[in-house]
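Below is one structure, written out as structure tokens, with a few remarks after it.
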Amino acid sequence: MSQQPTPTPTIASSTVDLSAPADTLWTNARLATLDPALPDLGIIEDGVVAARGGRIIFVGARADLPADLAAEKTVDLGGRWVTPGLIDCHTHLVHGGDRALEFEMRLEGASYEAIAAAGGGILSSVRATRAASREDLVASALKRLDALLAEGVTTVEIKSGYGLDARGERTMLEAARDLGTHRAVRVATTYLGAHALPPEYAADRAGYLDLVCDTVLPALAKAGLVDAVDAFCEGIAFSTDEVARVFAAAEVLGLPVKLHADQLSDLGGAGLAAEFGALSADHLEYTSDTGAAAMAAAGTVAVILPGAFYVLRETQKPPIDAFRRFGVKMAVATDCNPGTAPITSLLTTMNMAATFFRMTVEECLAGVTREAARALGRLADIGTLEAGKSCDLAIWDIERPAELVYRIGYNPLHQRIFQGQ
């Protein structure tokens with residue numbers, strides 16, 4: 001990957017007013033803009049970012065900064081690197097309890113499927129989450145969220161899926177929304193009612209899907225608690241036909257969909273996600289060439305989740321080369337959850353993606369910025385340093401961007417900026 005100065009900087013768009021002063025001007029910066037119009041990481045040496053009202057009004061080389069653009073405050077970054085604020089586009093951050101016991105069981109040889117069949121897995125988190133209050137869920141999730149924010153995360157997706165009834169799912173999504181009022185962070189909420197079959201519906205799969213599609217999802221959407229709809233398509237979860245019913249219900253409500261697909265087997269989840277124009281398909285260890293091609297044609301992002309691969313000690317790797325060959329965009333996320341990915345470090349996750357799956361530095365950094373924004377359907381507003389977008393910045397004490405992927409257990413964040421603050 002080249003890191004030579006880029007001769008053509010990103011210029012403020014014609015729709016941005018440069019006649020009024022900026023609130024803040026960050027100067028003497030090395031910018032990794034991730035602007036897709038620029039090569040590699042969109043690097044601009046001796047760069048400047050200007051913001052007003054929480055939005056970027058100029059990003060580019062200092063030599064191209066309009067001479068008459070005043071600023072209320074100027075910050076000299078001393079040659080530090082600046083990237084877009086990081087985005088964790090797949091988490092289960094809100095939940096009750098933990099599953100450390102299952103970790104021990106796996107060390108003794110128990111499989112993911114065996115733990116689930118014994119009443120563990122997702123259902124153990126369901127019991128703990130149903131027993132927790134909204135306030136309890138917020139308090140525990142804040143600790144996990146703070147770990148992500150400390151590494152430069154400015155946007156986080158949070159799924160439900162541990163309530164599995166009307167009250168529990170609503171409480172989870174309300175707690176997720178609450179996190180955005182307790183911290184300066186953008187929260188995207190995802191309804192994951194089709195995560196597992198709750199014990200009270202163990203003998204009535206159709207009845208549970210009726211509840212999800214006809215009662216819970218419409219009510220949560222009406223309450224403004226749902227930004228997207230997800231499902232778990234797997235032999236231990238829901239079939240493609242069952243997921244298709246959930247997605248059809250989401251479609252009626254005008255909600256985008258995403259899918260836990262092909263994690264433990266190839267049931268055609270990637271192809272199903274593509275059929276419904278899903279924002280993303282996630283996990284994807286067993287995705288076929290046919291599924292990858294379908295995702296590329298639909299513009300569905302592959303969200304790579306190496307944390308679960310690591311914790312479960314899997315051996316089947318997602319088909320990164322196929323995604324490259326077909327032109328599938330790839331995001332990277334923590335999958336932070338109590339059972340299979342108890343990880344709250346997006347930096348470590350990038351290292352895992354590079355080490356286990358041989359993703360490049362550029363793919364990893366794009367995966368937690370530009371492509372993560374694409375996976376949330378929010379690329380028009382976040383994910384790159386471009387004029388008109390939210391001023392979400394991560395400022396780093398590093399010599400080169402590769403350090404963000406290379407180091408393990410080291411956090412070089414100098415400052416996190418969310419909406420210009």
Side-chain angles (χ1 to χ4, degrees), residues 87-94 155-161 169-170 172-173 176-177 180 186-195 209 212-214 216-233 237-238 240-263 268-284 287 291-292 294-305 323 328-333 335 367-384 389-390:
I87 300 167
D88 197 347
C89 66
H90 180 132
T91 85
H92 305 256
L93 206 66
V94 172
T155 299
V156 61
E157 183 260 15
I158 301 175
K159 303 178 190 295
S160 66
E169 292 292 291
R170 185 183 188 100
M172 287 190 71
L173 291 169
R177 290 282 197 232
R186 184 179 297 98
V187 174
T189 55
T190 300
Y191 173 58
L192 182 55
H195 195 196
L209 288 171
V212 167
C213 298
D214 302 336
V216 179
L217 175 54
L220 294 175
K222 184 177 180 180
L225 292 171
V226 181
D227 296 324
V229 175
D230 199 348
F232 186 15
C233 185
F238 294 91
T240 53
D241 287 344
E242 290 168 332
V243 170
R245 183 181 172 192
V246 175
F247 282 4
E251 199 171 57
V252 169
L253 296 167
L255 292 169
V257 298
K258 48 213 303 117
L259 185 63
H260 286 61
D262 305 340
Q263 179 184 8
L272 178 66
E275 180 183 337
F276 279 88
L279 292 173
S280 72
D282 305 30
H283 286 292
L284 303 171
T287 296
M295 289 175 62
T300 297
V301 177
V303 178
I304 307 303
L305 303 172
F323 293 148
V328 177
K329 304 296 186 183
M330 292 184 287
V332 176
D335 189 21
V368 298
T369 54
R370 183 181 65 226
E371 305 313 330
R374 195 190 308 274
L376 295 179
R378 300 193 179 202
L379 185 55
D381 192 51
I382 57 176
T384 64
K389 292 193 174 185
S390 181

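Reckoned from all heavy atoms, side chains included, excluding hydrogens, waters and symmetry mates. Numbers for residues simply follow the sequence, beginning at 1.
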Do you know which two heavy atoms are closest between [X] and [Y], and how far apart they sit?
X      : Y      : answer
Glu371 : Lys329 : OE1-CB, 3.4 Å
Ala250 : Val229 : CB-CG2, 3.8 Å
Val94  : Ile158 : CG2-CG2, 3.8 Å
Ser280 : Ala375 : CB-CB, 4.1 Å
Ala237 : His195 : CB-O, 4.0 Å
Cys233 : Leu259 : CB-CD1, 3.9 Å

If we check side chain to side chain donor-acceptor pair (under 3.5 Å) with Thr190, which of these qualifies: Lys159, Glu157, His92?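 Only match with Thr190 under side chain to side chain donor-acceptor pair (under 3.5 Å): Glu157.
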
Supply the atom-to-atom distance [X] [atom1] to [Y] [atom2], rounded to the nearest 0.5 angstrom.
X      : Y      : atom1 : atom2 : value
Thr369 : Arg374 : OG1   : CZ    : 10.5 Å
His283 : Leu305 : NE2   : CG    : 5.0 Å
Lys389 : Arg378 : NZ    : CZ    : 13.0 Å
Leu272 : Asp241 : CG    : CG    : 9.0 Å
Asp282 : Gln263 : CG    : CD    : 10.0 Å
Ser160 : Leu220 : OG    : CG    : 7.5 Å

Verdict with supporting geometry, Lys258 and Asp227, salt bridge (Lys or Arg N to Asp or Glu O under 4.0 Å): CA-CA 11 Å; Lys258 48 213 303 117; Asp227 296 324; over 6 Å; no

Kindly indicate, with the supporting measurements, whether the criterion salt bridge (Lys or Arg N to Asp or Glu O under 4.0 Å) is fulfilled by Arg245 and Asp214. CA-CA 11 Å; Arg245 183 181 172 192; Asp214 302 336; 3.5 Å; yes

Given the rule in the side-chain contact (heavy atoms from CB on, under 4.5 Å) test, do Phe323 and Ile304 qualify, once you have shown the distances and angles that lead to the verdict? CA-CA 11 Å; Phe323 293 148; Ile304 307 303; 4.1 Å; yes

Can a donor-acceptor pair be found between the side chains of Asp335 and His90 at a distance below 3.5 Å? yes

Between the side chain of [X] and the main-chain N/O of [Y], is any donor-acceptor distance below 3.5 Å?
X      : Y      : answer
Thr300 : Ala278 : yes
Asp230 : Leu192 : no
Arg177 : Gly224 : yes
Thr287 : Asp262 : no

Under the side chain to side chain contact (heavy atoms under 4.5 Å, CB included) test against Leu376, which residue among Asp381, Asp88, Thr155, Leu279 passes? Thr155

Is there a side-chain contact between Leu217 and Leu255, using heavy atoms and a 4.5 Å cut-off? yes

Let's go through Val243 and Phe276 carefully: what are the C-alpha distance in whole Å and the side-chain angles of both, what is the deciding distance for side-chain contact (heavy atoms from CB on, under 4.5 Å) to 0.1 Å, and is it a yes or a no? CA-CA 11 Å; Val243 170; Phe276 279 88; over 6 Å; no

